[in-house]
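Please read the structure below before turning to the comments.
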Amino acid sequence: MQVTMHSEDHIGYVTVSNPPVNAIGQAVRQGLLEAVRWAERSRLDRVIICGVGGVFAAGADAKEFDAPPLEPHLPEVLNAIDESFVPWIAAIEGVALGGGAEIAMACRMRIMAPGARIGLPEVTLGVIPGAGGTARLPRLVGLQKAVEMITMGKPIGAQEACSAGLIHAVEEDPIEAAFLVNSEALGCIVPTWEYHAPAHDPDLLHMARKKLQAKMAGQEAPLRALEVIEAGLSLPFHDALAQERRAFLQLKTGPQAKALRHIFFAQRAAKAPEPFKGSSASEVQHAVVVGGGTMGAGIAYALLAAGLHVTILEADAAGLQRAEDNIGKIIAASLQRGMIDAARAADHRSRMTLSTQYGQAATAQVAIEAAFEDMAVKHDILAKLEAVLPADAVLATNTSYLDVNEMAARLMDPSRLIGLHFFAPAHIMKLLEIVRAEKSSDRAIALGYGLAKRLGKVPVLAGVCDGFIGNRILARYREAADTVFMDGSTPWEVDEAMVEFGYAMGPYEAQDLSGLDIAHANRQRQAPTRDPNRRYIPIADRMIELGKLGRKTSAGWYRYPGGGGKVEDPIVADLAIEEAHFAKISRTDYSGQEIRQRLVLAMINEAADILHAGIAQSASDIDLVTVFGYGFPRWRGGLMHYADSLGVETIVAQLEVLAQEDPVAWKVSPLLRSCAKAGQSLAEARPK
Ligand code: 3HC
């Protein structure tokens, strides 16, 4: 039974019981409808509805979204609650999201626990509210607040909900408070559906539309939600519901909703697989971070925020000062943004030790080196850590490109080393690549997964290769961008094409942020082993010669005069014209569509090789890497989900055309060929 009911002294208690989050599936809808009839038959004074496990309800069961909707539909159930002569009171603990919030809004009264959250996050799943949210919320909180909550999808806390008029009270024990509500007072509250819709406000809606077009470009649901809210304002309540439902059902089966559901469930499925379950990470009290640069400081802060004691080791006093400053800046920024309060900041600082003495690491259960990308430096640090840490402590490297097998080979016990590849800024970015070297023990990998969970990261297992999963795809993306640039475009045309695809910024602007010197060091490291038949684009090296290293030098692919916004730089555009002239290339004028096609196909082809070689375990893991680490548009479902939406056969055909131009760079991945032949999607493909 997913909905239980009982009554005491004419008060009905209805409990939604579908743990862990009380998702509203067919059985819950059926149970609620029966509860309405039961309460009416029993002539109850009121019904108090709550959810088991300290959660009201997290919304419609998104697992049902791929199938045709089953009766009774939620709008019908909620109309029955709203129109019943027995008043319902929502006693909200935990979350009331999506359909959960819609249930609450159909009740006569809403009481929330202080820590609870309520909201309509449907747009984050590519849909709009489908059970009256766009009609009931504006009636309760006014147009402005409703537009903001529905189009941005961000839930709000109890106090804010109370100030906005969405709920009636904030109480420690909402069920008890609902029990104590005076019957007469309850009887005076007008059912939500009888409220008048707020007045039309063309200026407000115009501003909201402009904001969404800028902030959520490419995404269908937020703008559609706005249209539906607007249309609903001048319709009778039930007609407003009907047009909302039509839009919801249409979006639900569309490509963006499917892509967003895919990422939602892939993120939740990113847990330790069988041999790596049962980690001892919960026992980790003390972690060491070697290196307090940007990356090390971000990692240290993430560990502090997860409640660990953290020792940051640096080589000398200057290094210690830098580490302290870097972590201090993160703490200050977190305070300023209201993410932590002063007490929390003081607590973080109290668990942090800065030292040059490796002896301070002696009690740690895990150490993460985040030092300079140089094999000799890494060997030295890992040897020192191995000498002082307990024998069962796990050692990790945050290297982005270097060979983890080579690092392990110099250790007395290579099984204790793994890669933990964080993404800058490490305390914010969700992705964590857990790199499994040849000799890494299952226990060490399990600890990596356990730590990821404690830090709230999305873990993805990666094998050893140059760049692991994410940076290897990134290198190919940049190579394709540089080729397009050299052969006919400008960095700004490339960036614009990729922003139109859905990236927040294009590859050149992004590289200006991270610095051109890192990629340069990599190219130099790779030079001895580079395939001599592969075309090499020298423009980025010319940039280094010119001292254009990115934002930090106020000039990279763009100029940043006075440290301000980006400005196109004709000198940079000329570099490509010069290099093309030396190489006797007649340049082509690529359209945005052609640029996008080349860059995206290059990534898909590389990702297929990565999957084929077992560096990634599944296409869905690659989707997580590209979305959570590299800004691939979430609403396209990640790189491989997007590739499957194009169709593997189409991709192979397009790559074959490009291979006529350059058979080395565009060599079709064997995995793509075998999938095309077998009629298999990339989602179904497994490493060879
Ligand atoms: N449908 C189906 N399953 C859901 C779900 C949903 N709406 N929300 C969560 N789950 C599942 C998760 O997949 C996970 O399953 P697993 O244990 O098998 O991996 C489990 O519930 C626990 O979820 P989380 O791991 O995310 O737990 P957290 O405690 O970290 O977060 C949460 C809980 C804040 C509720 C978060 O899960 C969440 O944001 N859920 C989605 C909320 C949402 O978008 N609701 C709108 C749905 S659409 C809708 O309601 C349409 C309506 O207008 C008609």
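Numbering of residues begins at 1 and proceeds along the displayed sequence. Not measured: the values here are computed from a predicted model. Both counts, for ligands and for their atoms, begin at 1 and track the order of listing.
Using a 4.0 Å cut-off between heavy atoms, Leu120 makes no contact with ligand 1 at all. By the criterion of a heavy-atom distance under 4.0 Å, the side chain of Val21, and not its backbone, is placed next to ligand 1.
Closest to atom 12 (C) of ligand 1 among all protein heavy atoms lies Arg268 CD, 3.8 Å. For atom 34 (C) of ligand 1, the closest non-hydrogen atom on the protein side is Leu97 CD1, 4.1 Å. Scanning all protein heavy atoms for the shortest distance to atom 35 (C) of ligand 1 gives Ala58 CB, 3.5 Å. Closest to atom 20 (C) of ligand 1 among all protein heavy atoms lies Pro20 CG, 3.6 Å. In terms of protein heavy atoms, atom 3 (N) of ligand 1 is closest to Lys63 NZ, 3.9 Å. Given atom 47 (C) of ligand 1, the protein heavy atom at minimum distance is Leu125 CD1, 3.7 Å.
With ligand atoms numbered from 1 in the order given, ligand 1 contributes 53 (O) to contacts under 4.0 Å with heavy atoms of Pro129. Close approach of ligand 1 to Pro121 is summarised as follows: ligand atoms under 4.0 Å from at least one heavy atom of the residue are 43 (C), 44 (O), 45 (N). Proximity to Gly59 (heavy-atom distance under 4.0 Å) selects the following atoms of ligand 1: 50 (O). The contact set between ligand 1 and Glu102, taken as ligand atoms under 4.0 Å from a residue heavy atom, comprises 52 (C), 53 (O), 54 (C). Interface atoms of ligand 1 facing Asp61, defined by a heavy-atom separation under 4.0 Å, are 1 (N), 2 (C). Close approach of ligand 1 to Lys271 (heavy-atom distance below 4.0 Å) involves ligand atoms 16 (P), 17 (O), 19 (O). Annotation for ligand 1: atoms under 4.0 Å from non-hydrogen atoms of Ala62 are 1 (N), 2 (C), 6 (C). Every atom of ligand 1 is numbered from 1 in the order shown, and the set under 4.0 Å from a heavy atom of Gly98 is 46 (C), 50 (O).
Within a 6.0 Å radius of NE2 in His6, more than 12 heavy atoms belonging to other residues, nucleotides or ligands are found. The 12-atom threshold is not exceeded at CD of Glu172, counting heavy atoms of other residues, nucleotides or ligands nearer than 6.0 Å. Other residues, nucleotides and ligands place more than 12 heavy atoms under 6.0 Å from the CZ atom of Arg634. At most 12 non-hydrogen atoms from other residues, nucleotides or ligands lie less than 6.0 angstrom from CZ of Phe179. For CD of Gln144, the number of neighbouring non-hydrogen atoms (other residues, nucleotides, ligands) closer than 6.0 Å is 12 at most. Arg337 CZ: 12 or fewer foreign heavy atoms inside a 6.0 Å radius.
Atom 45 (N) of ligand 1 lies below 4.0 Å from at least one non-hydrogen atom of the protein. Atom 53 (O) of ligand 1 is flagged as protein-proximal [any protein heavy atom, distance under 4.0 Å]. For atom 28 (P) of ligand 1, no protein heavy-atom neighbour is present inside the 4.0 Å cut-off. Using a 4.0 Å threshold on non-hydrogen atoms, atom 24 (P) of ligand 1 counts as touching the protein. By the definition of a contact as any protein heavy atom under 4.0 Å away, atom 41 (C) of ligand 1 is in contact. Protein heavy atoms come within 4.0 Å of atom 1 (N) of ligand 1.
If you check the side chains of Tyr301 and Ser334, you find a donor sitting under 3.5 Å from an acceptor. Judged by distance alone, the side chains of Gln365 and His286 never bring a donor and an acceptor atom under 3.5 Å apart. Arg224 and Gln250 share a side-chain donor-acceptor pair at under 3.5 Å. A side-chain donor from one of Thr134 and Glu244 sits under 3.5 Å from a side-chain acceptor of the other. A donor-acceptor contact closer than 3.5 angstrom is absent between the side chains of Ser163 and Glu160.
Within the 4.0 Å heavy-atom cutoff, Gln267 does not count among the residues contacting ligand 1. Within the structure, ligand 1 lacks Gly133 among the residues with a heavy atom less than 4.0 angstrom away.
Aromatic ring centres of Phe501 and Tyr642: separated by under 6.0 Å.
With a 6.0 Å cutoff to the six-membered ring centre and a 45° limit on the axis angle, Arg268 counts as a cation-pi contact of Phe264.
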Original post:
Given Tyr630 and Tyr503, is the ring pair (Phe, Tyr, Trp, His ring centres under 6.0 Å) satisfied, shown in steps?
Top reply: CA-CA 9 Å; Tyr630 295 85; Tyr503 278 91; 9.5 Å; no

**OP:** Starting from the C-alpha separation in whole Å, work towards a yes-or-no answer on ring pair (Phe, Tyr, Trp, His ring centres under 6.0 Å) for His641 and His262.
**Re:** CA-CA 8 Å; His641 181 90; His262 163 69; 4.6 Å; yes

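Scanning Gly130, Pro155, Ala60 for the heavy atom closest to atom 7 (N) of ligand 1 points to Ala60. Residue Glu122 holds the heavy atom nearest to atom 51 (C) of ligand 1 of all those in Arg117, His73, Glu122.
Between Asp82 and Arg136 there is a salt bridge, since at least one side-chain N of the basic residue sits less than 4.0 Å from a carboxylate O of the acidic one.
At under 3.5 Å, not a single nitrogen or oxygen of Phe248, backbone or side chain, sits near a nitrogen or oxygen of ligand 1.
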